[in-house]
Amino acid sequence: MTAPPGLLADLKARVIAPTLAFIGLGGPAAVNLLAGIALAETGCRALVQDGGPAMGLWQMEPFTHDDIWVTFLPAPRLSSIRSRLLALQAGWPAGSDRATQLIGNLPYACAMARLKCYRAPDPLPGADDAAGQCRFWKTNYNTALGAGDVDPQHVALFAQAIEA
């Protein structure tokens, strides 16, 4: 699934790169990976999973979101990132849980997707390695149970994200 023309380049330049720089986890490899994940997960066209719990362009499930906050972010070494995530949260909708932010708050959703990748045991592939980024996505983000696969179609999505 490809993104509407120009959208992926805008997403990289206006959301992904500045968000990742703000939380201190940027760089070309991370930007391209997050663009590829958005493309592989939703084609940059959906904010909620059809018939499932995943939310946002990066299709993060509330359980995964909450697990990052409970088991990963309390580490003292992540206090700066935790503070920046709190700064990214919107005050709307009032009274909603944090996971709801994944739907309409692109910087927050992007930051949370990056944290899921950051806590993965594997290092990020090179910025220009579409096949490596696709493998990283499948292994560390989509998981063995996910619908995606490391195949020519998905590798092409990561190549498109790199070129955008």
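Counting begins at 1 with the first residue of the sequence. Note that the coordinates shown come from a computational prediction; the quantities given were computed from them, not determined experimentally.
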Colleague: Can you tell if the side chain of Glu41 reaches within under 4.5 Å of the side chain of Asn142, non-hydrogen atoms only?
Modeller: yes

Colleague: Compare all side-chain heavy atoms of Leu115 with those of Leu85 and state whether any distance is below 4.5 angstrom.
Modeller: yes

Colleague: Can Val31 be reached from Val155 by stepping across I, L, V, M, F, W or Y side chains whose heavy atoms are under 4.5 Å apart?
Modeller: no

Colleague: Do Asn105 and Arg98 have side chains that get closer than 4.5 Å, going by heavy atoms?
Modeller: no

Colleague: Using side-chain contact (heavy atoms from CB on, under 4.5 Å) as the criterion, list what pairs up with Asn140, not counting sequence neighbours.
Modeller: Ala120, Pro121, Asp122, Phe136

Colleague: Could you tell me which non-hydrogen atom of Pro62 sits nearest to which non-hydrogen atom of Pro53, and how far apart they are?
Modeller: CD-O, 3.3 Å

Colleague: Measure the acute angle between the ring planes of Trp69 and Tyr108, then classify it against the limits of 30° and 60° as parallel, tilted or perpendicular.
Modeller: parallel

Colleague: Quick check for you: to the nearest 0.5 Å, what is the distance between Asn32 atom CG and Gln133 atom CD?
Modeller: 5.5 Å

Colleague: Taking the side chain as every heavy atom from C-beta outward, state whether Leu78 and Tyr118 have any pair of such atoms under 4.5 Å apart.
Modeller: yes

Colleague: Drop me the distance from Thr100's OG1 to His65's NE2, to the nearest 0.5 angstrom.
Modeller: 8.5 Å

Colleague: Hey, mind stepping through Leu88 and Ile23 against side chain to side chain contact (heavy atoms under 4.5 Å, CB included) and telling me if it holds?
Modeller: CA-CA 9 Å; Leu88 287 174; Ile23 65 169; 4.1 Å; yes

Colleague: Could you state the interatomic distance from CE (Met112) to CD1 (Ile68), rounded to the nearest 0.5 Å?
Modeller: 4.0 Å

Colleague: Nearest heavy-atom pair of Cys110 and Val15: which atoms, and what distance?
Modeller: CB-CG1, 4.5 Å

Colleague: Evaluate whether atom CD of Glu163 has more than 12 neighbouring non-hydrogen atoms of other residues, nucleotides or ligands under 6.0 angstrom away.
Modeller: no

Colleague: Between Ala113 and Tyr141, which heavy-atom pair has the shortest distance, and what is it?
Modeller: CB-OH, 3.6 Å

Colleague: Donor-acceptor pair, distance only, cut-off 3.5 Å: does the side chain of Lys12 make one with the backbone of Ala35?
Modeller: no

Colleague: Can you name the closest pair of heavy atoms from Ala29 and Pro125 and give their distance?
Modeller: CB-O, 3.4 Å

Colleague: Where do Ala13 and Pro18 come nearest, in terms of heavy atoms and distance?
Modeller: O-CD, 3.3 Å

Colleague: Could you grab the distance from atom CD1 of Ile16 to atom CG of Leu11, nearest 0.5 Å is fine?
Modeller: 4.0 Å

Colleague: So that I can tick it off, tell me whether Asp67 and Lys116 are bridged by a salt bridge, with the cut-off set at under 4.0 angstrom between side-chain N and carboxylate O.
Modeller: no

Colleague: As an exercise, state the distance from CG of Leu25 to CD1 of Ile81, rounded to the nearest 0.5 Å.
Modeller: 4.0 Å

Colleague: Do Met55 and Gln49 come within less than 4.5 Å of each other through their side chains, counting heavy atoms only?
Modeller: no

Colleague: Could you tell me if the side chain of Arg114 sits less than 4.5 Å from the side chain of Trp58, heavy atoms only?
Modeller: no

Colleague: Does Leu73 belong to the same Ile/Leu/Val/Met/Phe/Trp/Tyr cluster as Met60, with side-chain heavy atoms less than 4.5 Å apart forming each link?
Modeller: yes

Colleague: Can you spot which of Asp129, Leu157, Leu33, Asp128 makes a side-chain contact (heavy atoms from CB on, under 4.5 Å) with Ile162?
Modeller: Asp128

Colleague: Within the distance-only criterion (no hydrogens, no angle test), does the side chain of Thr19 pair as donor or acceptor with the backbone N or O of Ala111 below 3.5 angstrom?
Modeller: no

Colleague: Determine, using the 4.5 Å side-chain heavy-atom cutoff (strictly less than), whether Leu39 and Val150 are members of one ILVMFWY cluster.
Modeller: no

Colleague: When clusters are formed by joining ILVMFWY residues with side-chain heavy atoms under 4.5 Å apart, either directly or through shared neighbours, do Val48 and Phe63 land in the same one?
Modeller: no

Colleague: With the 4.5 Å side-chain cut-off for hydrophobic clustering, are Ile37 and Leu7 part of the same group?
Modeller: no

Colleague: How close do Ala40 and His154 get, heavy atom to heavy atom, and via which atoms?
Modeller: CB-CD2, 4.2 Å

Colleague: Test Thr143 against Lys138 for side chain to side chain contact (heavy atoms under 4.5 Å, CB included), laying out the working first.
Modeller: CA-CA 5 Å; Thr143 75; Lys138 180 57 185 171; 5.9 Å; no

